[in-house]
Amino acid sequence: DVKVTQSSRYLVKRTGEKVFLECVQDMDHENMFWYRQDPGLGLRLIYFSYDVKMKEKGDIPEGYSVSREKKERFSLILESASTNQTSMYLCASSLDGQLLSPLHFGNGTRLTVT
Amino acid sequence: DAKTTQPTSMDCAEGRAANLPCNHSTISGNEYVYWYRQIHSQGPQYIIHGLKNNETNEMASLIITEDRKSSTLILPHATLRDTAVYYCIVVKEYGNKLVFGAGIILRVKS
């Protein structure tokens, strides 16, 4: 089974801090994604990557950046955390370059910014 | 990508079939229908997908109408562990992202 592992289940940070959310997948998948999930808004795509060192903006990239130095690892960075970034963050991966490959999700990181 | 419409919630008795409807009336010829579910405190899980033919796997069946404007996900023998939010998503063949709507809350009751 594909495993997508997010480094933290719960995280509490202060406003203005730089925050790193880490995600690792173990099945040599090409694509990786970061979503955030908020009540009433569903899942929204922040960034995705279809190859090492490649990245594409999703629907809500403002306030975020990403890094993919190795195929298995995709990091989401909050340069200066704000309270409106309090959310559930979900990482996902898929096999190849086409979106038809099913996404495999991690169990999420619940980030609270105070 | 085409939008989908799902009821807000539905209940199903344990052991019975759960039939979850989805409308996608603006779907185009190169768009696929995908279903995911999200159990509480977990990430979404892929269930099944299809283009125009009905599909079945170990988890569920997907029935797509002939005009492809709607589909139904069938869980043949629902269990309490199937209680979750189910998302119906339409995806272009060479699209570059998935858009998850609100989904439908399925409550399986004993």
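Source: prediction; values computed, not measured.
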Any donor-acceptor pair under 3.5 Å linking the side chain of A:N107 with the backbone of B:Q42?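 Side chain of A:N107 to backbone of B:Q42: no pair is present.
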Do B:Y34 and A:L103 have side chains that approach each other closer than 4.5 Å (heavy atoms only, starting at C-beta)?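 Not touching, per the 4.5 Å side-chain cut-off.
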Taking side chain as everything from C-beta outward and backbone as N, CA, C, O, which of these in A:L43 sits under 4.5 Å from a heavy atom of chain B? Side chain, backbone, both or neither.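 For A:L43, the contact with chain B is made by backbone and side chain together.
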Shared ILVMFWY cluster between [X] and [Y], side chains joined below 4.5 angstrom?
{"X": "A:L78", "Y": "A:Y35", "answer": "no"}
{"X": "A:Y89", "Y": "A:V113", "answer": "yes"}
{"X": "B:L20", "Y": "B:L80", "answer": "yes"}
{"X": "A:F33", "Y": "A:I60", "answer": "no"}
{"X": "A:Y64", "Y": "A:F48", "answer": "no"}

Using a cut-off of under 4.5 Å on heavy-atom pairs, state which of A:R9, A:Q6, A:M88 scores highest against chain B.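 Highest number of heavy-atom pairs under 4.5 Å: A:R9.
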What are the two closest non-hydrogen atoms of A:L90 and B:G43, and how far apart are they?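 The pair with the smallest heavy-atom distance is CD2-CA, 3.8 Å.
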